J.: 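So that we are looking at the same thing, I have put the structure below in structure tokens.
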Amino acid sequence: MPSLYFLPLLLFSSTSLEAQNKPHNQEILLPSPAAYCAEGSGIPSRLKNIQHALANTTALQNLGEMVKIVGGKFEMGSTSYRDAVPIHEVTVADFLMDAHEVTNAQFAAFVNATGYITVAEQALNPKEFPGVPLELLKAGSAVFTPPKEVFGLANHMQWWEFVTAANWRHPAGPQSSIVGKENHPVVQIAYPDAVAYATWAGKRLPTEAEWEYAARAGQSSPQTYYWGDELKPQGRWQANIYQGQFPINDSAEDGFQGTAPVGSYSANAFGLYDMEGNVWEWCADFYSPDYYTYSAAVNPLGPAVSYDPQEPKAVKRVQRGGSFLCNDQYCERYKAGSRGKGEINSPTNNVGFRCVKDL
């Protein structure tokens with residue numbers, strides 16, 4: 001297993017000037033030399049994947065909004081990631097979970113009903129950030145922007161850009177739109193935005209333990225992916241992740257560049273869609289890399305405070321599931337048992353959420 005490194009993702013926090021000038025983090029794996037080898041044969045056609053995705057999306061329309069998750073015990077964590085050990089037994093109670101990530105249409109209904117303004121839509125007060133250039137205090141967010149060429153994968157700033165006026169309505173900037181993408185997952189969502197929606201909907205964000213239990217769908221034995229050990233069973237992509245040469249060219253062999261409509265891939269055994277890939281999903285827990293060493297065994301709620309040794313003063317929450325930018329060449333944290341993290345006021349165009357509800 002290659003050494004673990006951290007990927008700071010751009011953007012500014014309103015928590016403090018120091019945090020404001022420190023970027024949003026995602027833990028990543030830098031590639032081994034073998035990771036740069038050309039992809040092998042046996043790749044199904046893009047058309048085949050699109051046809052399969054459309055069939056799944058049609059089926060999703062007939063499902064209820066939430067799925068009952070019958071609680072139980074499972075082995076949580078992974079030995080492949082330094083912040084996901086030790087593997088430990090956890091018990092969670094019954095709960096309801098959204099069958100899919102919250103969509104643009106669902107979030108629009110919330111905004112229309114409440115007038116809510118997301119973090120990305122709010123400019124920062126220059127008085128609170130003396131010395132910071134005014135252009136960096138404008139409303140906006142971080143957008144993945146493929147470079148024409150890349151010089152190694154250590155510097156993430158080659159493909160992340162702060163874009164003024166990027167927000168949930170305009171995920172890639174003012175010229176972009178969600179029109180026609182109503183059933184795509186909403187993105188450019190900061191943690192407070194996700195909490196606000198969940199509260200309005202009479203729900204809450206899942207705990208990290210609930211999220212992993214639901215993703216494993218009754219399978220607690222060690223496995224590479226939540227669906228098993230094979231990346232493409234029967235030659236079919238199981239999640240919306242990145243194919244091609246990261247970050248220059250997403251070949252879209254799975255049928256999609258960027259986000260995919262929710263439910264574009266087969267549901268897991270619990271009836272949940274997109275528990276890996278597509279967009280990162282906020283969880284309720286504060287992030288701490290050593291939490292598993294002292295986690296509660298029953299319905300764990302995460303640590304009492306946030307702590308990331310890479311950015312000690314930044315307040316971070318757990319994110320799970322990976323996104324359309326994950327692949328084995330660069331970021332493997334869509335795999336089973338892996339963890340992500342995000343500074344709470346740092347939205348990007350690959351972060352969204354789903355909700356749960358107590359029974």
Side-chain angles (χ1 to χ4, degrees), residues 60 63-79 81 83-102 106 191 194-195 197-199 201-228 238-239 262-263 265-288 290-304 317-322 333-341 352-359:
L60 179 65
L63 296 179
E65 183 182 353
M66 302 194 84
V67 173
K68 181 178 179 180
I69 307 298
V70 177
K73 295 181 179 180
F74 75 109
E75 297 295 315
M76 184 172 181
S78 170
T79 58
Y81 307 93
D83 62 350
V85 293
I87 294 177
H88 55 294
E89 185 178 87
V90 171
T91 300
V92 297
D94 297 355
F95 59 98
L96 296 173
M97 190 173 211
D98 288 345
H100 55 77
E101 296 146 340
V102 174
Q106 290 174 312
Y191 180 81
V195 171
Y197 174 93
T199 302
K203 304 177 184 180
R204 60 178 174 83
L205 295 183
T207 66
E208 183 179 15
E210 288 171 335
W211 195 100
E212 184 170 326
Y213 178 78
R216 290 188 180 276
Q219 175 58 259
S220 202
S221 61
Q223 54 188 14
T224 304
Y225 310 98
Y226 286 117
W227 60 81
Q238 301 298 301
V262 296
Y265 300 84
S266 299
N268 70 9
F270 283 176
L272 303 170
Y273 293 85
D274 300 311
M275 294 299 286
E276 45 280 303
N278 218 13
V279 297
W280 285 100
E281 299 179 13
W282 287 108
C283 291
D285 306 40
F286 283 119
Y287 174 81
S288 180
D290 65 346
Y291 177 63
Y292 288 7
T293 64
Y294 61 92
S295 168
V298 179
N299 295 321
L301 300 177
R317 300 274 181 168
V318 172
Q319 296 172 343
R320 282 300 199 112
R333 287 184 172 250
Y334 66 99
K335 293 183 176 179
S338 61
R339 310 173 74 199
K341 58 190 175 181
F353 68 108
R354 78 177 72 209
C355 300
V356 299
K357 192 172 185 178
D358 295 319
L359 285 172

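Note that this is a predicted model, so its numbers are computed, not measured.
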J.: What pair of heavy atoms forms the shortest contact from Gly271 to Ala99, and how long is it?
T.: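 Closest pair (atom of Gly271, atom of Ala99, distance): O-CB, 4.1 Å.
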J.: Look only at the side chain of Asp274 and the backbone of Gly263, and say whether a donor-acceptor pair between them is shorter than 3.5 Å.
T.: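 Flag set: sc Asp274 to bb Gly263 pair under 3.5 Å.
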J.: Will you find, in the side chains of Asn278 and Tyr265, an N or O donor that is under 3.5 Å from an N or O acceptor?
T.: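 Result is no, nothing qualifies.
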J.: The criterion is salt bridge (charged side-chain N to carboxylate O under 4.0 Å, His left out); which residues satisfy it with Arg320, sequence neighbours excluded?
T.: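 Listed in chain order: Glu208, Glu212.
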J.: According to the interplanar angle, ranging from 0 to 90°, do the rings of Tyr191 and Trp282 count as parallel (below 30°), tilted (30 to 60°) or perpendicular (above 60°)?
T.: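 Because their plane-to-plane angle is over 60°, the rings of Tyr191 and Trp282 count as perpendicular.
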J.: What closest approach, in Å, do Tyr213 and Lys73 show between heavy atoms, and which atom pair accounts for it?
T.: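 That closest heavy-atom pairing would be CE1-O, 4.2 Å.
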J.: Show your working on salt bridge (Lys or Arg N to Asp or Glu O under 4.0 Å) between Glu65 and Lys357 and close with a plain yes or no.
T.: CA-CA 12 Å; Glu65 183 182 353; Lys357 192 172 185 178; over 6 Å; no
J.: Can you see which heavy atom on Gly218 is nearest to which on Phe270, and at what distance?
T.: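 Minimum heavy-atom contact is N-CZ, 3.5 Å.
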J.: When you compare the side chain of Phe353 with that of Trp280, does any pair of heavy atoms fall below 4.5 Å?
T.: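 No, side chains not in contact.
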J.: Can you list the residues that meet the side chain to side chain donor-acceptor pair (under 3.5 Å) rule with Asp290, with sequence neighbours excluded?
T.: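 Here the qualifying residues are Ser288.
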J.: Kindly write out the residues that satisfy salt bridge (charged side-chain N to carboxylate O under 4.0 Å, His left out) with Glu210, not counting sequence neighbours, or none if the list is empty.
T.: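 So Glu210 forms a salt bridge (charged side-chain N to carboxylate O under 4.0 Å, His left out) with Arg204.
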J.: Is there a donor-acceptor contact under 3.5 Å from the side chain of Asp98 to the main chain of Cys355?
T.: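 Yes, Asp98 side chain to Cys355 backbone: donor-acceptor pair under 3.5 Å.
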J.: Ignoring hydrogens and geometry, is there a side-chain-to-backbone donor-acceptor pair from Arg339 to Ala84 under 3.5 Å?
T.: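 Not a single qualifying donor-acceptor pair exists.
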J.: Can you check whether Trp211 reaches Met97 side chain to side chain, under 4.5 Å on heavy atoms?
T.: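 Yes, at least one pair of side-chain atoms sits under 4.5 Å.
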J.: Grab the two heavy atoms, one from Lys341 and one from Tyr287, that are nearest each other, plus how far apart they are.
T.: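 In terms of heavy atoms, the two residues are closest at CD-CE2, 3.5 Å.
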J.: When you measure from the side chain of Arg317 to the backbone N and O of Cys283, does any donor-acceptor pair fall under 3.5 Å?
T.: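 Not confirmed, Arg317 side chain does not pair with Cys283 backbone.
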J.: Do the non-hydrogen side-chain atoms of Glu276 and Gln238 ever get within less than 4.5 Å of each other?
T.: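 The answer is no; the side chains never approach within 4.5 Å.
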J.: With sequence neighbours excluded, tell me which residues meet side chain to side chain donor-acceptor pair (under 3.5 Å) with Tyr197.
T.: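 So Tyr197 forms no side chain to side chain donor-acceptor pair (under 3.5 Å) with any residue.
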J.: May I have the list of side-chain donor-acceptor pairs in residues 85-96 shorter than 3.5 Å, sequence neighbours left out?
T.:
unit_1: His88; atom_1: ND1; unit_2: Met76; atom_2: O; d: 3.3
unit_1: His88; atom_1: ND1; unit_2: Pro86; atom_2: O; d: 2.8
unit_1: Asp94; atom_1: OD1; unit_2: Gly71; atom_2: N; d: 2.6

J.: Identify the two heavy atoms, one from Pro206 and one from Arg354, that lie closest to each other, and give their separation to 0.1 Å.
T.: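 Here Pro206 and Arg354 meet closest at CD-O, 3.3 Å.
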J.: Could you tell me which residues satisfy side chain to side chain donor-acceptor pair (under 3.5 Å) with Gln219, sequence neighbours excluded, listed by chain and number?
T.: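 Gln219 satisfies side chain to side chain donor-acceptor pair (under 3.5 Å) with Ser221 only.
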J.: Let me confirm one number: the CZ-CD distance from Arg216 to Glu75, rounded to the nearest 0.5 Å.
T.: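 Answer rounded to 0.5 Å: 9.0 Å.
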J.: What pair of heavy atoms forms the shortest contact from Ser338 to Tyr81, and how long is it?
T.: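 Between these two residues, the closest heavy atoms are CB-CE1, 3.6 Å.
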J.: Students often mix this up, so state it plainly: with edges at 30° and 60°, are the rings of Tyr291 and Tyr294 parallel, tilted or perpendicular?
T.: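 Ring orientation, 0 to 90° scale: perpendicular.
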J.: Can you check side chain to side chain contact (heavy atoms under 4.5 Å, CB included) on Tyr226 and Tyr334, steps first, answer last?
T.: CA-CA 9 Å; Tyr226 286 117; Tyr334 66 99; over 6 Å; no
J.: Do Val67 and Leu272 come within less than 4.5 Å of each other through their side chains, counting heavy atoms only?
T.: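 In short, these two side chains touch, coming nearer than 4.5 Å.
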